[in-house]
S.K.: 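Dumping the structure here so I can ask a few things about it.
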Amino acid sequence: MNLFNLFSDIEKNDADADGRFNFTRRKMLKTTSMAVAGTTAFTALAMNKAFAADSSVTEVLNFALTLEYLEAEFYAKALASNLKDDSNFMSYYGLFEEIGKHEREHVDFLKTALGSAAVSKPEFDFTAKGMFPNPFAKENYPVYLTLSQAFEDTGVRAYKGQAANLMSNPDVLQAALQIHSVEARHAGTIRLLRGVTPFANEGNNDSSNGGAPAAVYKGENNIYQVDGVDLISLTKPKLLEQGGNPEMMAEKYVRESFDEPLTKADVLAIVAPFLK
Amino acid sequence: MEKMNSLTGKPVGPTVPAIPSVERRMFLRHLGLFTASTAAFLTACSKEAIVSPSTGAAARVAADGTVDLGSGDIGILNYAYALEQLEAAFYTTAVSETKGLSAMDRKALIEIREHEVAHRELFKAALGTAAIPDLEVDFSSIDWNSRNAVFDAANKFESTGVGAYNGAGKLLKTSAFLILAGKIVSVEARHAAYTAYMLYPGKKFDVAHELVNGNGLDVAYTPSQVLSGVQMYIKQKISGANLPS
């Protein structure tokens, strides 16, 4: 319920728009911390009890844990690396710290949930056996961002691809969805930092993905979501601006509107070069 | 959830015309015969629901105007459809009414608006006759003179959407709908990042540090939480009384 106090906050009349805005932000911090405290009905340990006997759920969560190990170590290394000599990296240090914290929390959460069934952390090679220069070198901030985007977008697609395998366990499914959207917030933000669109595309060139491995975006341009629905024809006449080629614009918006899943095999193929 | 759902799980009468053809469509598609024109034809010749009536009861409008979302998977899809209608309307108004938008601001609002329209149209087509009617919105409480207030409201709508989909996933019985919801929720999360970035570029607000809990988990809301939060923006009374819980 607390979230919606915020809605009314912005709507209160106040002559000082900026002052009100800041007030709303502070208020948001306050109310959401309360909201979190009030709704922690579910813990990783409780989840562990719930699915301990289900090997397919264990398998999905260990797959997720492996990805989270990769992401957590990536940010932990970056935050302690020579990237700190790069002023661009440092201007977003707080953001990278927050993203790294989320990934570490995901690792801890999944490890707790899996208990003794948890896989151990692999050794990582963030150059992917020489495919990329060292992303943690001072001069390689752009490489660091490229890999960050690739890992986050892969994470989004990986969780999405496993959701249906968790339907037998509502608590685990919800937790996975709650991690999934955090990865998507990360992906969108990193993409914006790089000056590319926050929306995933399978580009014919690198302009939308900026050098991230093509496999990360394979199949992302799917435009069929529900059989029997031609969404481009339905959307095209309703676009706000009909400039350019409306058919092409409608197609772009339709494909951007849905993030596509990846299979476990596709994800593991992307990740494999980063494993020692 | 104070309201219990008395209808969930019970077979409900066929308020939606029976549709035998989902399997056939999928079959055609697998054969590579499912072209855009086939799709257009199917869409044009039928307003019937693509979702099977066995997945819940259709929406209903009561004598007093209350819009009941329906039950089962249909109810959850109508819940999502209501939110997408609201979001699309919000951005349509934001683009035309907000004062002091830069070119980048406008581009962001239009991009997001078009995505919400695509989401809305998909649910509308998929639900067919089982869908809720068009919702009338009320944004009189939003200050369109403040660009910051508009992006802040947009950001809250997006995070509400994220929490709504995150909380609704486990209420769906049909895996195809869960997968569809998963495809949409991460786009809503990208929208949330985008709208946050328009206010605090490159800050931890962009990744919702104030919402993500100590386990690194995003928000997840029940339908009743979300509906009570957004009701003030919708003129018709929305009822989720028959939604699964």
Side-chain angles (χ1 to χ4, degrees), chain A residues 1 3-4 6-7 10-11 17 21 24 28-29 32 36 44 91-92 94-95 98-99 102 105-106 109 156 160 163-164 167 170 173-175 177-182 184-186 188-189 192-193 198-199 225-231 233-235 238-241 253-254 256-260, chain B residues 22 25-26 29 36 39-40 42-43 50 95 110 113-115 117-119 121-122 125-126 141-142 146 148-149 152-153 156 160 162 166 169-170 175 178-180 182-187 189-190 192-194 197 202-204 206-218 220 225 229:
Chain A
M1 286 304 151
L3 174 80
F4 299 105
L6 306 169
F7 273 88
I10 8 175
E11 284 124 24
F21 179 67
T24 304
M28 178 192 259
L29 295 174
T32 44
V36 166
S91 26
Y92 304 118
L95 171 66
E98 186 70 16
I99 294 177
H102 292 165
E105 287 164 353
H106 295 163
F109 180 79
V156 173
K160 203 186 313 294
M167 289 182 84
L173 171 61
Q174 178 163 312
L177 289 173
Q178 288 175 279
I179 295 178
H180 168 249
S181 59
V182 170
R185 291 179 192 266
H186 293 172
T189 302
L192 287 162
L193 274 190
F199 309 110
Q225 298 302 338
V226 174
D227 285 294
V229 176
D230 175 6
L231 199 50
S233 295
L234 292 174
T235 302
K238 304 205 164 136
L239 294 183
L240 205 54
E241 290 177 353
Y253 287 126
V254 165
E256 281 179 357
S257 299
F258 304 89
D259 280 345
E260 299 298 322
Chain B
V22 171
R25 281 181 213 136
M26 293 184 69
R29 200 173 123 186
L42 286 167
T43 306
I50 285 175
V95 171
I110 290 177
R113 188 261 182 197
E114 309 302 26
H115 296 158
V117 167
H119 294 161
E121 294 302 312
L122 185 76
S141 55
I142 289 173
S146 164
N148 282 359
D152 198 37
K156 291 191 179 71
T160 301
V162 168
N166 281 349
K170 67 182 178 190
S175 63
L178 173 63
I179 292 166
L180 179 65
K183 291 177 176 203
I184 293 174
V185 65
S186 56
V187 175
R190 290 175 194 272
Y194 202 1
Y197 192 88
K203 302 295 181 196
K204 58 186 180 177
D206 304 349
V207 294
H209 74 100
E210 77 285 6
L211 295 178
V212 175
N213 73 18
N215 287 322
L217 304 185
D218 212 325
Q225 283 178 308

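All chains are named by letter (A, B, ...) in the order of the sequence lines, taking the proteins before the strands, and each is independently numbered beginning at 1. Computed from a predicted model, the values in this text were never measured in an experiment.
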S.K.: Taking atom CE of A:Met167 and atom CG of B:Leu178, what is their separation to the nearest 0.5 Å?
M.R.: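 Output value for this atom pair is 5.0 Å.
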S.K.: Spell out, as yes or no, whether a donor-acceptor pair under 3.5 Å connects the side chain of B:Arg190 to the backbone of A:Pro198.
M.R.: yes
S.K.: Using a 4.5 angstrom heavy-atom cutoff, name the option from B:Ile179, B:Ile184, B:Val162, B:Leu122 with the most pairs to chain A.
M.R.: B:Leu122
S.K.: Without swapping roles, check the side chain of A:Gln178 against the backbone of B:Leu217 for a donor-acceptor pair under 3.5 Å.
M.R.: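 Absent.
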S.K.: With only heavy atoms counted, which part of A:Leu193 is less than 4.5 Å from chain B, the side chain, the backbone, both or neither?
M.R.: both
S.K.: Do A:Phe258 and B:His119 have ring centroids that are under 6.0 Å from one another?
M.R.: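 Between B:His119 and A:Phe258, the centre distance is under 6.0 Å.
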S.K.: Among A:Ile179, A:Leu173, A:Leu192, which residue forms the greatest number of heavy-atom pairs with chain B at distances under 4.5 Å?
M.R.: A:Leu192
S.K.: Is it the backbone or the side chain of B:Tyr194 that comes under 4.5 Å from a heavy atom of chain A, or both, or neither?
M.R.: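 Contact with chain A is through both the backbone and side chain of B:Tyr194.
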S.K.: Once side-chain hydrogen bond (donor to acceptor under 3.5 Å, both in side chains) is applied, do any residues pair with B:Asn166, and if so which ones, sequence neighbours excluded?
M.R.: A:Ser181
S.K.: With only heavy atoms counted, which part of A:Val182 is less than 4.5 Å from chain B, the side chain, the backbone, both or neither?
M.R.: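 Interface part for A:Val182: both.
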S.K.: For A:Val229 and B:Ala126, which heavy atoms make the closest approach, and how far apart are they?
M.R.: CG2-N, 4.5 Å
S.K.: Do A:Glu241 and B:Val95 come close enough that some side-chain heavy atom pair is under 4.5 Å?
M.R.: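 Counting from C-beta outward, A:Glu241 and B:Val95 never come under 4.5 Å.
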S.K.: In terms of heavy-atom proximity below 4.5 Å to chain B, should A:His106 be classed as side chain, backbone, both, or neither?
M.R.: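 When you check distances to chain B, atoms from both the backbone and side chain of A:His106 fall under 4.5 Å.
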S.K.: Is the side chain of B:Lys170 donor-acceptor paired with the backbone N or O of A:Gln174 at a distance under 3.5 Å, no angle test?
M.R.: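 No; zero donor-acceptor contacts below 3.5 Å.
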S.K.: Between B:Ser186, B:Gly182, B:Ala118, which residue shows the highest count of heavy-atom pairs closer than 4.5 Å to chain A?
M.R.: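 Result: the option with the highest number of such pairs is B:Ser186.
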S.K.: What distance do B:Glu210 atom CD and A:Glu98 atom CD have between them, rounded to the nearest 0.5 Å?
M.R.: 9.0 Å
S.K.: Let's test your reading of the structure: which of A:Glu105, A:His186, A:His180 forms the most heavy-atom pairs below 4.5 Å with chain B?
M.R.: A:Glu105
S.K.: Heavy-atom pairs under 4.5 Å with chain B: which of A:Leu240, A:Thr189, A:Thr235 has the most?
M.R.: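 Ranked by contacts with chain B, first place is A:Leu240.
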S.K.: Report which part of A:Lys238 has an atom under 4.5 Å of a heavy atom belonging to chain B: side chain, backbone, both, or neither.
M.R.: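 Interface part for A:Lys238: both.
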S.K.: Do you know the tightest heavy-atom contact between B:Val207 and A:Ile99?
M.R.: CG1-CG1, 4.0 Å
